[in-house]
Structures are given as structure tokens and as C-alpha cells.
Q: 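Here it is, the structure, as C-alpha cells.
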Amino acid sequence: MRYVSIKFSFTVCSLLLLFACAEKNESYRSDLPYLGEYHIGFLSRDTIHYRVPGAKLLNENGTVVNNILESDSEVKIVNFFFSRCPSVCPLMNTQLQRLSREFKDYDLAIHSISIDPEYDTYLKLKEYRQNREFSSENWQFYTGNKKEIFAFAQSCKLKAFEAENADENPIHEPIIVLLDARNHIRGYYNSLQATDMKKIETDIRKLIKEIS
């Protein structure tokens, strides 16, 4: 009887500990969605969410990066721009500059990709960065193969393409993409909307807490 009582007590304690751990894990789970398509694993039956595959590009230092998303960063941001853009891009990158400074002490990586690689050589991007004092270490600028860049934009579920008239600027959305450490898309934010820029701050903090 004493053995049964001890065994019962051990079982109860184990269950209480299990529930406590589950409750603790639940408290760290954010309400950020997983965006993009998904499928159910054949054997595990787990939900497998879409992951952005990344791209092989050239950074502003002239270094080839085989996959710009292949890093250990907990939180990643992606946007598309071009240095000759007269209106939207300066505003979008100013917002990214603010975020890079706000989260400089966190594991955040910002990836800005030019959709005008014929003009935006890595030297042009370096000059662009210096002229605008975008000096944050957690922020990288990229150029590269035009086909790969537009394919990468599509993999981020964004619209970016060349204008029909060769004299016109390329076209893209003023959207900032938020990714987690495994490159799941967790949010889209219009860089021209103050409410979206406030929300991305909140969502970055949620994602940092979720991963930690």
C-alpha cells in the first residue's frame, strides 16, 4: 500500500510539473501568424509552414553571400529598394535605420536588396550607405543577378519587376517583411504607414520573446 501511495504521489507531481511547463511555454508563445502556404507532414502530421529559401547575392563590400538568410539571427527583416528611387525608398530605409538603432542590442539582421542591380553595383550601394549614414552593423545592402533578385522578391511574396519602358524606374512595393530564425514569414508592414511601423516594433519584441 505504501508503494502504491508513493507511486501515486510521484505520478501527480509529474503531471503537475508537466502542466506547469506547458503553461510556461504557452506564456512565451506569441500571437504572430505564420504567413504563406503550408502543408501537413506525411508521418508526423505536423503543420509545416512556408519558409523563404533565400538568395545568393553580393553585399556592399563586394563579398558574395551564398544565402543571405542563412544565418543564426533570431529575427530578420527584408526589403527591396533602389538607390535612385526619388520618393518611397528613402522613407522606407529611414524607417529601417530607426529599427536598426532601436534593436541594435538584439539579434536582428536587416537585409535590403536593390532591384536595380545594373546601376546599383556594390560600390554604389557602399556610397549610398555612407552618404545616408546607414552605419548599423546589423544592416546589410545587397545587389547581384537581376533574375535572382526578382525571384527572391517573389519567394518573399512581394511584387517587384522592371518597368515596361526602359527609361522608367523599376517597380516594387514599400513593404517590409519580418522573418523568424527559420525564415518563416511572420508579418508584412507598409513602410509608409505610421501604424504599421509602430506594429513592427511590437511584433519584433514578440518574436524575440517567442524565440528566447
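Every heavy atom of this structure was used, including side-chain atoms; hydrogens, water molecules and symmetry mates were not. Keep in mind that this is a model prediction, so the values were computed, not measured.
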Q: Flag yes if more than 12 heavy atoms outside Tyr188 fall under 6.0 Å of its OH atom; otherwise flag no.
A: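 Result for OH/Tyr188: enclosed.
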
Q: Given the rule in the side chain to side chain contact (heavy atoms under 4.5 Å, CB included) test, do His172 and Met92 qualify, once you have shown the distances and angles that lead to the verdict?
A: CA-CA 12 Å; His172 67 99; Met92 177 164 51; 3.7 Å; yes

Q: Less than 4.0 angstrom from a charged side-chain N to a carboxylate O is my criterion; do Arg186 and Glu210 meet it?
A: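 Salt bridge flag = yes for Glu210 with Arg186.
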
Q: Are more than 12 heavy atoms, taken from residues, nucleotides or ligands other than Arg98, located less than 6.0 Å from that residue's CZ atom?
A: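 Enclosed.
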
Q: Is the Trp139 ring parallel, tilted or perpendicular to the Phe134 ring (thresholds 30°, 60°)?
A: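 Because their plane-to-plane angle lies in the 30° to 60° range, the rings of Trp139 and Phe134 count as tilted.
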
Q: Could you walk me through whether Asp120 and Thr143 pass side-chain hydrogen bond (donor to acceptor under 3.5 Å, both in side chains), step by step?
A: CA-CA 7 Å; Asp120 284 336; Thr143 185; over 6 Å; no

Q: Would you mind checking if Glu37 and Lys157 are paired as a salt bridge, meaning a charged N to carboxylate O distance below 4.0 Å?
A: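 Yes, charged N to carboxylate O under 4.0 Å.
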
Q: Specify whether His49 and Tyr34 have parallel, tilted or perpendicular ring planes, treating 30° as the upper limit for parallel and 60° as the lower limit for perpendicular.
A: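 Parallel, since the angle between the ring planes stays under 30°.
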
Q: Within 45 degrees of the axis of the six-membered ring of Phe80 and under 6.0 Å from its centre: does Lys159 put its NZ or CZ there?
A: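 Because its charged atom misses either the 6.0 Å distance or the 45° angle limit, Lys159 does not stack over Phe80.
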
Q: Do Phe141 and Tyr122 make the cut of ring centroids closer than 6.0 angstrom?
A: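 No; Tyr122 has its ring centre 6.0 Å or more from that of Phe141.
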
Q: If you look at every heavy atom in Gln140 and Glu60, which pair is closest and at what distance?
A: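 That closest heavy-atom pairing would be OE1-OE1, 3.3 Å.
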
Q: What's the shortest heavy-atom distance between Ile115 and Ile171, and which atoms?
A: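 That would be CD1-O, 3.8 Å.
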
Q: Would you call Lys56-Glu148 a salt bridge at under 4.0 Å N-O?
A: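 Looking at Lys56 and Glu148, the cut-off is not met.
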
Q: Scan side-chain atoms only and decide if Asn93 and Asn79 contain a donor-acceptor pair under the 3.5 Å cut-off.
A: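 Yes - a donor-acceptor pair under 3.5 Å links their side chains.
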
Q: Any carboxylate oxygen within less than 4.0 angstrom of a Lys/Arg side-chain nitrogen, looking at Arg205 and Glu102?
A: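 Judged by the 4.0 Å cut-off on N to carboxylate O distance, Arg205 and Glu102 do form a salt bridge.
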
Q: Should His184 and Tyr50 be marked as a side-chain hydrogen bond (donor to acceptor under 3.5 Å, both in side chains) after you check the CA-CA gap, both sets of side-chain angles, and the distance that decides it?
A: CA-CA 6 Å; His184 297 119; Tyr50 174 77; over 6 Å; no

Q: Using atom types as modelled and distance alone, determine if a side-chain donor or acceptor of Tyr128 lies under 3.5 Å from a backbone N or O of Leu123.
A: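 No.
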
Q: Heavy-atom count check: over 12 atoms from other residues, nucleotides or ligands less than 6.0 Å from Glu70 CD?
A: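 Open: at most 12 neighbouring heavy atoms sit under 6.0 Å from CD of Glu70.
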
